[in-house]
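Accompanying notes for the structure given below.
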Amino acid sequence: MNALWEWAWDDFVCKDFSGILARSLAHAGAYDGQRLIGFVNVAWDGGIHAFLLDTSVHPKFRRRGIATQLVKEAADLARDRGAHWLHVDFEPSLTGFYRACGFEPTGAGLIKLQM
């Protein structure tokens, strides 16, 4: 994951993701052969609320629907594992993307309804 994160995040510092992923409700990846080119993490509160984190796609593979498919897969996984709400925080420039993925605004941000 460090190779993808190095491309995806401006201020990235290499780290061990095993602890984060072990506590996640789910996560999904997209691959080009053996190479991870896209990722989304589904964190949760241990109950019915789940949260999308770290949605990213390598710059060379963007604008191909990969992130949209990852978010759809993450939503399906969250629902299948008992989540009733899927929240996402994001930079304002990504509002259109998450709205197109089915998220709707709430007083606390956007939330995926109809899980």
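A quick note: this is a predicted structure, and the numbers were derived from the prediction, not measured.
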Over all heavy atoms of both residues, which pair between [X] and [Y] is shortest? Give the atoms and the distance, please.
X     : Y     : answer
Asn41 : Ser24 : OD1-OG, 2.6 Å
Ala67 : Thr55 : CB-CG2, 4.4 Å
Leu52 : Val71 : CD1-CG1, 3.9 Å
Leu36 : Gly29 : CD1-CA, 4.0 Å
Leu77 : His27 : CD1-O, 4.1 Å
Val42 : Ala50 : CG1-CB, 3.8 Å

Is any side-chain heavy atom of [X] less than 4.5 Å from a side-chain heavy atom of [Y]?
X     : Y     : answer
Lys72 : Thr68 : no
Trp85 : Ile48 : yes
Asp54 : Val40 : no

Q) Does any N or O in the side chain of Arg99 come within less than 3.5 Å of the main-chain N or O of Glu104, such that one atom is a donor and the other an acceptor? A) no
(Q) In terms of relative ring orientation, are Phe61 and His58 parallel, tilted or perpendicular, with 30° and 60° separating the classes? (A) perpendicular
Q: Check the hydrophobic clustering (I, L, V, M, F, W, Y; side-chain heavy atoms under 4.5 Å; chains of links allowed) and say if Leu86 and Leu53 are grouped together.
A: no
(Q) His87 and side-chain contact (heavy atoms from CB on, under 4.5 Å): which single residue from Phe103, Trp44, Phe51 fits? (A) Phe51
Q) Do you know which of Arg64, Arg63, Arg62 makes side-chain contact (heavy atoms from CB on, under 4.5 Å) with Val57? A) Arg62
**Q.** Rounded distance [0.5 Å steps], CD1 in Ile66 versus CG in Asp32
**A.** 8.5 Å
